[in-house]
Amino acid sequence: MGKLVIIPTPIGNLDDITFRAVKMLNECQLVYAEDTRVTKKLLNHLNIQNHVVPFHAHNEHRVLEKCIESIKSNELTGLVSDAGTPGISDPGYLLIRACLKEEIEVECLPGPTAIVPALVASGFPSERFHFEGFLPHKKGRETRIKNISELDCTIIYYESPHRILKTLKQLLKILEFDRKACVAREISKMYETYHHGTLSSLIEYFTENKPKGEIVLIIAGKN
Ligand code: SAM
């Protein structure tokens, strides 16, 4: 019976790949990837030649079944996303669940993910936190924000530069008071920046300075 290995890849700085990830990318017989072009670029950089096959978030049951058969017939199958840890706001969950259902062993290597450095460097309490991932683009945003409004632990969102202002404004409107917040941008990349402030001061800043790059938004819990 084969094994599925979840392989985290860098979120910016390519030096953040772990020795085990490189070893596994070499050793597995097949790598399922979110976007094969992105993964092939990484493998080229690492001088690794391996068989890269696309795995999409909305794989139909039929496709999932085929993946399971192939995982069973190989000794080791890798799963990567474009950046960070597969399964964290990235494809992976359906395949992992299907493997576990079939009693296929699943191992997730520790490695890069944007949540952890953003939370830790924000300086907000990290002994308890709530990860909200992405807010929906249109419907359901308000409800999702209302749902977290009473939480007394640090709250983390993934956000795009196109929507960060809208999100900050909506949070300020729905949450009872002007919470402390931090916008972590371009973690591990050349223009990595942490903007610390309140929802209103961050709105002011990003109204004057166009938000760019990949963003994690951290906000203080109630109290
Ligand atoms: N699987 C990834 C992980 O483990 O963090 C997350 C993938 S999700 C599709 C992409 C989002 O993660 C971005 O929109 C951004 O919110 C966050 N992100 C990824 N890389 C980042 C970086 N270098 N700096 C800041 N945020 C990042």
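This is a predicted model, so every value here is computed, not measured. This chain uses plain numbering: 1 for the first residue, then up along the sequence. One-based numbering, in listed order, for ligands and for the atoms of each. Below, all heavy atoms of this structure are taken into account, side chains as well, without hydrogens, waters or symmetry copies.
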Check if A83 has a non-hydrogen atom at a distance under 4.0 Å from any atom of ligand 1. yes
Touching ligand 1 at all, F134? Heavy atoms, strictly under 4.0 Å? yes
Has [X] got more than 12 heavy atoms of other residues, nucleotides or ligands less than 6.0 Å from its [atom1]?
{"X": "F134", "atom1": "CZ", "answer": "yes"}
{"X": "K166", "atom1": "NZ", "answer": "yes"}
{"X": "K189", "atom1": "NZ", "answer": "yes"}
{"X": "F19", "atom1": "CZ", "answer": "no"}

R141 (side chain) donor-acceptor with P136 (main chain) under 3.5 angstrom: yes
Examine distances only and state if a side-chain atom of S70 and a backbone atom of K66 form a donor-acceptor pair shorter than 3.5 Å. no
Could an N or O of ligand 1 be found under 3.5 Å from any N or O of [X], whether backbone or side chain?
{"X": "K189", "answer": "no"}
{"X": "P86", "answer": "no"}
{"X": "T113", "answer": "yes"}
{"X": "E159", "answer": "yes"}
{"X": "I187", "answer": "yes"}
{"X": "I115", "answer": "no"}
{"X": "S89", "answer": "no"}

What class does the angle between the rings of H195 and Y205 fall in, given that below 30° is parallel, 30 to 60° is tilted and above 60° is perpendicular? tilted
If the threshold is 4.0 Å, N to carboxylate O, is there a salt bridge linking E186 and K212? no
Ligand 1 contact on I215 by region, counting heavy-atom pairs under 4.0 Å: backbone
At a non-hydrogen distance cut-off of under 4.0 Å, which region of I88 contacts ligand 1 (side chain, backbone, both, or neither)? both
Provide the number and element of each atom of ligand 1 under 4.0 Å from a heavy atom of D90. 1 (N), 2 (C), 7 (C), 9 (C)
Note: ligand 1 atoms sitting under 4.0 Å from heavy atoms of T85 are 1 (N), 3 (C), 4 (O)
Go through the side-chain N and O atoms of N13 and S188 and say whether any donor and acceptor fall under 3.5 Å apart. no
Just one of T207, T198, L217 clears the side-chain contact (heavy atoms from CB on, under 4.5 Å) bar with L168, so which one? L217
Nearest protein heavy atom with distance in Å, relative to [atom]:
{"atom": "atom 18 (N) of ligand 1", "answer": "A114 CB, 3.6 Å"}
{"atom": "atom 26 (N) of ligand 1", "answer": "V216 CG2, 3.4 Å"}
{"atom": "atom 20 (N) of ligand 1", "answer": "E214 OE1, 3.4 Å"}

Shortest non-hydrogen contact between G221 and R179, atoms and distance: C-NH1, 3.5 Å
Regarding atom 12 (O) of ligand 1: of the candidates Y191, F131, Y158, which has the closest heavy atom? Y158
